[in-house]
Q: 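There's a structure below that I have some questions on.
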Amino acid sequence: MPQPKLTDDELKDIVMNFSAARMKPYLSAANSNHGDAIRICQINTQLCEALYPSLHTLEIALRNTISNVLSVKHGNNWLCNGKIQLESFDQGSVNTALKKCTHHNLNQLIPELSFGFWKSLIEKKYYEIPIWRPFCKQIFKYAKSSDLNIKQIRPKIKNIHWLRNRTFHHEPIWNYLQLNNIHSYIHCFLNWINPKVSAWLREYDRFPQIYQSTSTLLKQMKVYRNKNLPYLH
């Protein structure tokens, strides 16, 4: 990645447009060198861009698979008919989403619910008996029974959710060494849902190459990166 061909004053102007608060971690990592800070910011954008296909694919595949499985047992209106008692926060999410739907049908409602909502149906202990235990093998149809250990799955899906939110809200992710681990979790879940989806995604998923090239650049710049993630198993 070439160094920006800008004067120091021009680079400072760019930093000001991004706000001092947002650029603080970049400047700190770059020892207040504006050129290096912008370079790290570019790396962060590249990583976010490269993660979008896998995060996008998992979110769509997971929410539709969960809904399809639960619809068979509890009807197409399972989100609203009370056959699954939702936790109060999640019920509030459904109520808010319903207000955005002109017709209260599943096709409109599902996309209005955040990834966090679908993540909760898997990892919250509240749903272990009504959803996880009876339906996990149907949701993750191609997983081995030994794979479906909820204690091992919880930190993985929490880290995916954490990365999804940071990526989609333009937050720093460059400073975590284990991004490639989370990326592998995404493909793991997709393989459990349907290996064909994961294989299709790999045909255009550029994250492994981008992660390797940007990691090399950050190493050359002697930038510190955190070895830990928020949720570890």
Side-chain angles (χ1 to χ4, degrees), residues 51 54-101 104-169 171 176 178 181-194 197-198 228-233:
L51 279 166
S54 55
L55 290 167
H56 168 89
T57 302
L58 177 63
E59 184 165 348
I60 292 175
L62 184 64
R63 73 192 187 194
N64 284 292
T65 301
I66 292 174
S67 184
N68 289 341
V69 168
L70 295 182
S71 292
V72 171
K73 177 66 176 179
H74 298 300
N76 288 334
N77 199 30
W78 67 270
L79 277 165
C80 304
N81 62 18
K83 291 184 179 180
I84 293 179
Q85 189 67 40
L86 297 175
E87 196 177 46
S88 58
F89 180 83
D90 298 321
Q91 184 61 60
S93 297
V94 172
N95 294 341
T96 299
L98 282 169
K99 293 176 182 177
K100 301 177 182 179
C101 300
H104 293 180
N105 64 61
L106 205 60
N107 289 335
Q108 280 192 321
L109 184 54
I110 287 175
E112 291 292 342
L113 292 165
S114 70
F115 182 72
F117 173 85
W118 302 102
K119 183 262 306 183
S120 294
L121 298 186
I122 292 176
E123 62 90 16
K124 277 186 180 177
K125 290 183 179 180
Y126 183 89
Y127 297 114
E128 192 165 342
I129 293 175
I131 295 178
W132 180 254
R133 292 184 188 178
F135 300 113
C136 65
K137 194 65 181 78
Q138 296 174 55
I139 294 168
F140 298 118
K141 181 179 178 181
Y142 294 90
K144 297 177 182 178
S145 296
S146 57
D147 292 329
L148 298 176
N149 183 330
I150 191 61
K151 291 182 180 179
Q152 294 179 2
I153 287 172
R154 281 190 181 116
K156 292 179 180 178
I157 199 156
K158 283 183 178 180
N159 273 317
I160 292 172
H161 181 235
W162 168 85
L163 181 60
R164 184 260 184 213
N165 285 349
R166 292 192 73 82
T167 298
F168 288 8
H169 293 101
E171 298 295 334
Y176 288 93
Q178 297 194 45
N181 288 345
I182 304 182
H183 180 260
S184 71
Y185 299 160
I186 294 171
H187 275 277
C188 176
F189 284 122
L190 285 172
N191 268 312
W192 291 351
I193 292 170
N194 187 340
V197 175
S198 180
N228 297 317
L229 291 169
Y231 309 100
L232 297 172
H233 57 272

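Residues take their numbers from the sequence shown, with the count starting at 1. Since we're looking at a predicted model, the values are computed, not measured.
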Q: Would you mind reporting whether Gln85 and Tyr126 have side-chain heavy atoms less than 4.5 Å apart?
A: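 When only atoms from C-beta onward are counted, Gln85 and Tyr126 do touch, with a gap below 4.5 Å.
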Q: Using modelled atom types and a 3.5 Å cut-off, is there a donor and acceptor pairing between side-chain atoms of Arg154 and backbone atoms of Glu123?
A: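 Confirmed, Arg154 side chain pairs with Glu123 backbone.
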Q: Kindly compute the distance separating CZ (Phe89) from OG (Ser120), expressed to the nearest 0.5 Å.
A: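 Rounded to the nearest 0.5 Å, the CZ-OG separation comes out at 7.5 Å.
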Q: Go through the structure and list residues passing salt bridge (charged side-chain N to carboxylate O under 4.0 Å, His left out) with Glu59, not counting sequence neighbours.
A: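 Salt bridge (charged side-chain N to carboxylate O under 4.0 Å, His left out) list for Glu59, sorted by chain: Arg164.
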Q: Evaluate the criterion side chain to side chain contact (heavy atoms under 4.5 Å, CB included) for residue pair Leu190 and Leu62; output intermediate values, then yes/no.
A: CA-CA 8 Å; Leu190 285 172; Leu62 184 64; over 6 Å; no
Q: Counting neighbours of CD on Glu87 that are heavy atoms of other residues, nucleotides or ligands and sit closer than 6.0 Å, is the number greater than 12?
A: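 Yes, the 6.0 Å shell around CD holds more than 12 heavy atoms from other groups.
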Q: Taking the side chain from Thr57 and the backbone from Ser54, do they hold a donor-acceptor pair closer than 3.5 Å?
A: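 Pair absent, no side-chain N/O of Thr57 close to backbone of Ser54.
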Q: Any donor-acceptor pair under 3.5 Å linking the side chain of Asp90 with the backbone of Leu86?
A: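 No; judged by distance alone, with no hydrogens or angles, the pair does not exist.
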Q: Determine yes or no for a side-chain-to-main-chain donor-acceptor pair under 3.5 angstrom, with His169 supplying the side chain and Asn165 the backbone.
A: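 Looks like yes, one N/O pair under 3.5 Å.
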Q: Just wondering, do Trp162 and Ile182 contact through their side chains at under 4.5 Å, heavy atoms?
A: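 Contact flag for Ile182/Trp162 side chains = yes.
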Q: Can you tell me how far apart CG (Leu163) and CZ (Phe168) are? Round to the nearest 0.5 Å.
A: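 If I round to the nearest 0.5 Å, the distance is 9.0 Å.
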Q: Taking all non-hydrogen atoms of both residues, which atom of Ser67 and which atom of Trp78 are closest, and how far apart?
A: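 So the two residues come closest at OG-NE1, 3.2 Å.
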Q: Within this structure, what is the CG-SG distance for the pair Asn181 and Cys188, rounded to the nearest 0.5 Å?
A: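 That separation rounds to 12.0 Å.
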Q: Closest heavy-atom contact between Gln178 and Asn228?
A: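 What the structure gives for the nearest pair is NE2-CA, 4.0 Å.
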Q: How far does CD1 of Ile60 sit from CZ of Arg63, to the nearest 0.5 angstrom?
A: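 Spacing of CD1 (Ile60) from CZ (Arg63) equals 5.5 Å.
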Q: Please determine whether side chain to side chain contact (heavy atoms under 4.5 Å, CB included) holds for the pair Asn194 and Thr65, giving the CA-CA distance in whole Å, both sets of side-chain angles, and the decisive distance to 0.1 Å.
A: CA-CA 10 Å; Asn194 187 340; Thr65 301; over 6 Å; no
Q: Just list the side-chain donor-acceptor pairs under 3.5 Å for residues 131-147, sequence neighbours left out, or say none.
A:
| unit_1 | atom_1 | unit_2 | atom_2 | d |
| --- | --- | --- | --- | --- |
| Lys137 | NZ | Lys141 | O | 2.9 |
| Lys137 | NZ | Ala143 | O | 2.9 |
| Asp147 | OD2 | Lys144 | N | 3.1 |

Q: I need the His56 NE2 to Thr167 OG1 distance, nearest 0.5 Å.
A: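 Taking NE2 in His56 and OG1 in Thr167, the distance rounds to 14.5 Å.
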Q: Evaluate Asn149 against Ile153 for side chain to side chain contact (heavy atoms under 4.5 Å, CB included), listing each step before the verdict.
A: CA-CA 6 Å; Asn149 183 330; Ile153 287 172; 5.8 Å; no
Q: Donor-acceptor pairs are to be reported for all side-chain atoms of residues 109-118 against protein atoms at under 3.5 Å, with residues two or more places apart or in another chain.
A:
| unit_1 | atom_1 | unit_2 | atom_2 | d |
| --- | --- | --- | --- | --- |
| Ser114 | OG | Gly116 | N | 3.3 |
| Ser114 | OG | Phe117 | N | 3.3 |

Q: Measure the spacing between NE2 of His183 and CG of Leu55 and express it to the nearest 0.5 Å.
A: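 So the gap between those two atoms works out to 8.5 Å.
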Q: Let's go through Val72 and Asn68 carefully: what are the C-alpha distance in whole Å and the side-chain angles of both, what is the deciding distance for side chain to side chain contact (heavy atoms under 4.5 Å, CB included) to 0.1 Å, and is it a yes or a no?
A: CA-CA 7 Å; Val72 171; Asn68 289 341; 6.0 Å; no
